[in-house]
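Sequence lines set the chain letters: A, B, ... in the order given, protein chains first and strands last, and positions in each chain run from 1. As the structure is a computational prediction, the values presented were derived from the model and not from experiment.
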2 protein chains.
Amino acid sequence: MLESDRPKGRGTEARQRKARPITRIQREKQDLILEAALDVFSLHGFRGATIDQIAEAAGMSKPNLLYYFPRKEDIHKRLMAGMLDIWLAPLRHMDSDGDPIPEIRSYIRRKLKMSRDFPRQSRLFANEMLQGAPRIIDMLEGELKTLVDEKAKVIGGWMDEGKLNRADPYHLIFAIWATTQHYADFDVQVRAVLGNDRSGEGRFEDAACFLEQLFMHGLKPQRG
Amino acid sequence: MLESDRPKGRGTEARQRKARPITRIQREKQDLILEAALDVFSLHGFRGATIDQIAEAAGMSKPNLLYYFPRKEDIHKRLMAGMLDIWLAPLRHMDSDGDPIPEIRSYIRRKLKMSRDFPRQSRLFANEMLQGAPRIIDMLEGELKTLVDEKAKVIGGWMDEGKLNRADPYHLIFAIWATTQHYADFDVQVRAVLGNDRSGEGRFEDAACFLEQLFMHGLKPQRG
DNA sequence: CTAACATTTTTCCAACTGGTCAAATTTCTG
DNA sequence: CAGAAATTTGACCAGTTGGAAAAATGTTAG
């Protein structure tokens, strides 16, 4: 039987039975491990990543790593939680009392900034999605859906007021997610296509301009 | 040392040393294997997938599978080639002599159809991208870049003629890729958010309508 | 039918996997 | 500094992994 299908019995904090205060070393080493694990998991996915890889990247032995996170799953779970906060923040921030056009414009910018500043988190998320989101499906159907439903209603309201062209708010959100994530998740492809010249820093500025234009005006010229 | 980093010496067709004609059984079994492997690789990525899984999905023993594809890599390589054909076809099909607006509109439709009809290929591609495209980086910088450069020039020409709003053609292509792939790669998320009601057949029709509207008109109403 | 070839199965292996355990070492607290 | 607690290490384990070898079984052209 494969390890990813096997049900796990115990909870996360197997080692801290008596809720001792967390030491300095504990915090430092845990951060070190999570940092290394983010590299590895975001590159190979849960199944493709190994504890040895993570331990080596964190500069410690495997048993030592397992002292802090008794199971591979535990590390992944922690990363997942942190990542989801980052991932959801830009949408959470969209203000129903603001002006529709600037609100959406700045939502796009925030989401794109997230792709630039936290590409590994984005890829971690993408990896989980590709695998059918086995470890966060509940969160998708709960927290995420709730948030999206709420924001879709807001956007729909703006459209009712004639402040935005009528369109499906859900698919609009999908489109923003997709276009912004692309620059983190498909980074290699973007670099390969743009070549070395335009794949550096200016890349994200170009993307921001383009996306703003796309979402605001579309492609069809307004003279015919 | 990890298997993904280890250099491989021999070529693909280790077993067919004297170029014998391919038998009926060979073709059938190879197809069966590739079909099964597409399931597994697209779900777990190269490192996460195991030969055992593929063999079981194909209904044969592991050594039997290895008789047809001596190395795990060989299967993946074959899938990659087939996938790239499918992946590139919609863009190849865009006609520089056609009308810009309808051409782009139908390109979007073709690409979205690809996501609907070949989601596993799309996810296989996405998996490879997330991992930094180690096995197809040459193809990206060669074949793909060439094609995109060519089509970007075409689109740029259309813009020069005033038939399209001015925008960066490369980022336009990225946006079309991103938005259409999303429905294959992030299928779970889309389903989770839309719920059971609207996540069925109509989903892709809704998406097509939305994307058409987005790329043609954008969000800003044209009365101010 | 039968020899030559193609296919399949059985057995096996060394490396890697996630994880355990007890002993050794380091760090903190009084 | 001493003792207790926290941390690190090395040895180990059972299951999995990609793959090899050879024997056993099918298939087919002459």
Side-chain angles (χ1 to χ4, degrees), chain A residues 1-33 37 40-41 44-77, chain B residues 1-33 37 40-41 44-77:
Chain A
M1 193 191 266
L2 289 163
E3 122 277 346
S4 64
D5 303 326
R6 202 193 305 148
K8 293 289 160 52
R10 296 181 304 160
T12 303
E13 312 296 301
R15 200 82 36 170
Q16 274 97 43
R17 34 190 130 170
K18 242 194 163 185
R20 269 176 224 289
I22 286 169
T23 69
R24 170 187 55 89
I25 294 181
Q26 256 167 46
R27 207 185 311 277
E28 281 175 13
K29 291 291 167 95
Q30 281 186 12
D31 286 354
L32 210 68
I33 292 169
V40 179
F41 278 130
H44 296 296
F46 184 77
R47 292 223 41 207
T50 73
I51 299 182
D52 292 270
Q53 278 176 301
I54 299 170
E56 197 195 327
M60 63 177 72
S61 68
K62 183 169 59 168
N64 196 184
L65 182 150
L66 286 165
Y67 170 72
Y68 292 101
F69 295 91
R71 316 202 150 261
K72 185 184 175 184
E73 243 191 276
D74 301 338
I75 312 175
H76 195 263
K77 222 178 268 179
Chain B
M1 195 191 263
L2 289 164
E3 121 277 345
S4 64
D5 302 326
R6 202 191 310 149
K8 292 292 160 48
R10 295 181 305 157
T12 305
E13 312 295 302
R15 200 79 41 168
Q16 274 98 43
R17 34 190 129 169
K18 242 195 164 185
R20 270 173 222 291
I22 286 167
T23 69
R24 171 185 52 89
I25 294 182
Q26 258 169 44
R27 207 184 311 277
E28 281 176 14
K29 290 290 166 91
Q30 281 187 11
D31 286 355
L32 209 67
I33 291 169
V40 179
F41 278 130
H44 296 297
F46 184 76
R47 291 224 42 207
T50 72
I51 299 182
D52 291 272
Q53 278 176 300
I54 299 169
E56 196 194 328
M60 63 177 74
S61 68
K62 181 170 60 167
N64 197 183
L65 181 150
L66 285 167
Y67 171 72
Y68 292 102
F69 295 90
R71 314 200 151 264
K72 186 184 176 184
E73 243 192 276
D74 300 338
I75 312 175
H76 194 263
K77 222 178 270 180

>> Please enumerate all residues that pass salt bridge (charged side-chain N to carboxylate O under 4.0 Å, His left out) together with B/Asp52, with sequence neighbours excluded.
In response: B/Lys62
>> Strictly below 4.0 Å: does B/Ser61 bring a side-chain N or O up to OP1 or OP2 of C/dT8?
In response: no
> Does C/dG18 have OP1 or OP2 sitting under 4.0 Å from an N or O in the side chain of A/Arg71?
Replying inline: no
Collect all protein-nucleotide pairs involving nucleotides 27-30 of chain C in which both atoms are nitrogen or oxygen and the distance is under 3.5 Å.
{"from": "C/dC28", "atom 1": "OP1", "to": "A/Arg24", "atom 2": "NH2", "distance (Å)": "2.6"}

>> In whole Å, I'd like the distance from the CD1 atom of B/Ile51 to the P atom of D/dG18.
In response: 5 Å
> Per the atom types in the model, does the base of D/dG19 pair as donor or acceptor with the side chain of B/Lys72 at under 3.5 Å?
Replying inline: no
> Hey, does B/Ala49 reach any base, or is it just sugar-phosphate, or nothing, if we go heavy atoms under 4.0 Å?
Replying inline: sugar-phosphate
> Counting side-chain heavy atoms from CB outward, which of D/dT9, D/dA21, C/dT17 is closest to B/Arg47?
Replying inline: C/dT17
> Given C/dT10, D/dT17, C/dT7, which nucleotide is nearest the side-chain atoms of B/Gln26?
Replying inline: C/dT7
> OP1 or OP2 of C/dT8 less than 4.0 angstrom from a side-chain nitrogen or oxygen of B/Tyr67, does that happen here?
Replying inline: no
>> Please report the interatomic distance CD(A/Gln30) to CD1(A/Ile33), rounded to the nearest 0.5 Å.
In response: 7.0 Å
> So what does B/Lys29 touch, heavy atoms closer than 4.0 Å: a base, only the sugar-phosphate, or nothing?
Replying inline: sugar-phosphate
> Side chain of B/Leu66: nearest nucleotide among C/dT20, C/dT9, D/dG19?
Replying inline: D/dG19
>> It should be established whether A/Asn64 places a side-chain nitrogen or oxygen under 4.0 Å from OP1 or OP2 of nucleotide D/dT7.
In response: no
